[in-house]
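Every value quoted in this text rests on a predicted model; they were computed, and no experiment measured them. Positions are given from 1, in the same order as the sequence printed here.
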Amino acid sequence: MNFDSFCYIAAMDHLALIHEHLAAAERRVADGERHVALQREIVAKLERNGSDTARVRQLLSTFEEALMWHIAERDRLIREKLDASR
């Protein structure tokens with residue numbers, strides 16, 4: 001195997017790894033979006049009932065922050081995939 005062939009195979013392995021990580025990141029974003037949506041429903045229901053929402057709002061904030069980080073990681077992987085494909 002010559003050097004160019006080795007580099008090509010290494011690049012393809014790297015791209016495959018990026019695809020795997022990107023698929024996992026997309027699942028985390030989808031899960032996070034579901035958690036945020038459900039928590040917002042819980043907050044709204046408790047507000048309608050006149051219940052204290054301090055703790056569920058804090059949990060919602062935590063979910064939203066985690067989702068933000070998942071989106072950032074997914075977007076970073078998308079950029080890395082584009083760079084590796086060039």
Side-chain angles (χ1 to χ4, degrees):
M1 176 186 310
N2 65 29
F3 182 74
D4 289 337
S5 296
F6 177 78
C7 289
Y8 176 77
I9 291 169
M12 294 309 295
D13 287 345
H14 180 68
L15 192 55
L17 186 60
I18 292 170
H19 278 280
E20 287 179 31
H21 288 196
L22 181 55
E26 288 173 341
R27 286 190 299 273
R28 285 190 295 273
V29 168
D31 289 345
E33 289 171 340
R34 282 191 295 277
H35 290 139
V36 167
L38 178 59
Q39 194 66 17
R40 285 180 178 156
E41 290 176 15
I42 292 169
V43 168
K45 181 178 180 181
L46 290 173
E47 284 177 341
R48 284 191 303 273
N49 293 337
S51 300
D52 180 18
T53 60
R55 292 181 73 186
V56 294
R57 283 185 173 282
Q58 180 58 45
L59 186 56
L60 173 58
S61 177
T62 300
F63 287 162
E64 289 171 334
E65 184 176 351
L67 177 58
M68 176 191 70
W69 286 107
H70 292 317
I71 290 169
E73 176 63 5
R74 181 207 54 201
D75 292 350
R76 184 194 67 77
L77 287 165
I78 289 170
R79 288 188 304 276
E80 187 174 342
K81 176 184 167 186
L82 291 172
D83 290 344
S85 297
R86 294 181 188 165

A.B. asks: Is the closest basic N to carboxylate O distance between Lys45 and Glu41 below 4.0 Å?
C.D. replies: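 Salt bridge absent between Lys45 and Glu41.
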A.B. asks: I'd like to know if Leu77 and Leu82 are part of one continuous hydrophobic network [Ile/Leu/Val/Met/Phe/Trp/Tyr, side-chain heavy atoms within less than 4.5 Å].
C.D. replies: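 Yes, because Leu82 and Leu77 connect within a single hydrophobic cluster, where side-chain heavy atoms sit under 4.5 Å apart.
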A.B. asks: Between CD of Glu47 and CG of Asn49, what distance do you get to the nearest 0.5 Å?
C.D. replies: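 These two atoms lie 10.5 Å from each other.
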A.B. asks: Out of curiosity, does Leu38 fall in the hydrophobic cluster containing Val36 (side-chain heavy atoms, cut-off under 4.5 Å, transitive links)?
C.D. replies: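 Hydrophobic grouping puts Val36 with Leu38.
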A.B. asks: Which residue in the set Val43, Asp52, Ile42 passes side chain to side chain contact (heavy atoms under 4.5 Å, CB included) when paired with Arg57?
C.D. replies: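 Result: among Val43, Asp52, Ile42, Val43 is the only option passing the side chain to side chain contact (heavy atoms under 4.5 Å, CB included) with Arg57.
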A.B. asks: If you measure from CG on Leu67 to CZ on Arg74, what distance do you get to the nearest 0.5 Å?
C.D. replies: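 These two atoms lie 8.5 Å from each other.
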A.B. asks: Report the distance from atom CD of Glu64 to atom CZ of Arg40, rounding to the nearest 0.5 Å.
C.D. replies: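 It comes to 4.5 Å.
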A.B. asks: Closer than 3.5 angstrom, by distance alone: can the side chain of Gln39 be matched with the main-chain N or O of Val56 as a donor-acceptor pair?
C.D. replies: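 Between the backbone of Val56 and the side chain of Gln39 there is a qualifying donor-acceptor contact (under 3.5 Å).
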A.B. asks: In terms of heavy-atom contacts, does CD of Glu65 have more than 12 from other residues, nucleotides or ligands at under 6.0 Å?
C.D. replies: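 Check fails, neighbour count at 12 or below.
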A.B. asks: Assigning hydrophobic clusters by single linkage (Ile, Leu, Val, Met, Phe, Trp, Tyr; side-chain heavy-atom cutoff under 4.5 Å), is Val29 placed with Leu60?
C.D. replies: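 Yes; tracing contacts between hydrophobic side chains, which count when under 4.5 Å, links both residues.
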A.B. asks: Compare every heavy atom of Leu46 with every heavy atom of Thr53, then report the nearest pair and how far apart it is.
C.D. replies: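 For Thr53 versus Leu46, the nearest heavy atoms are CG2-CB, 3.7 Å.
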A.B. asks: Please report the interatomic distance CG(Asp83) to CG(Leu15), rounded to the nearest 0.5 Å.
C.D. replies: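 Rounded to the nearest 0.5 Å, the CG-CG separation comes to 11.0 Å.
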A.B. asks: Could you walk me through whether His14 and Glu80 pass the side-chain contact (heavy atoms from CB on, under 4.5 Å) check?
C.D. replies: CA-CA 10 Å; His14 180 68; Glu80 187 174 342; 3.3 Å; yes
A.B. asks: Looking at every non-hydrogen atom in both residues, tell me the closest pair between Leu22 and Lys81 and how far apart they are.
C.D. replies: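 Smallest interatomic distance, heavy atoms only, reads CD2-CD, 3.9 Å.
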A.B. asks: Report the residues that fulfil ring pair (Phe, Tyr, Trp, His ring centres under 6.0 Å) with His70, sequence neighbours left out, ordered by chain and then residue number.
C.D. replies: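 With neighbours one apart ignored, the set is empty.
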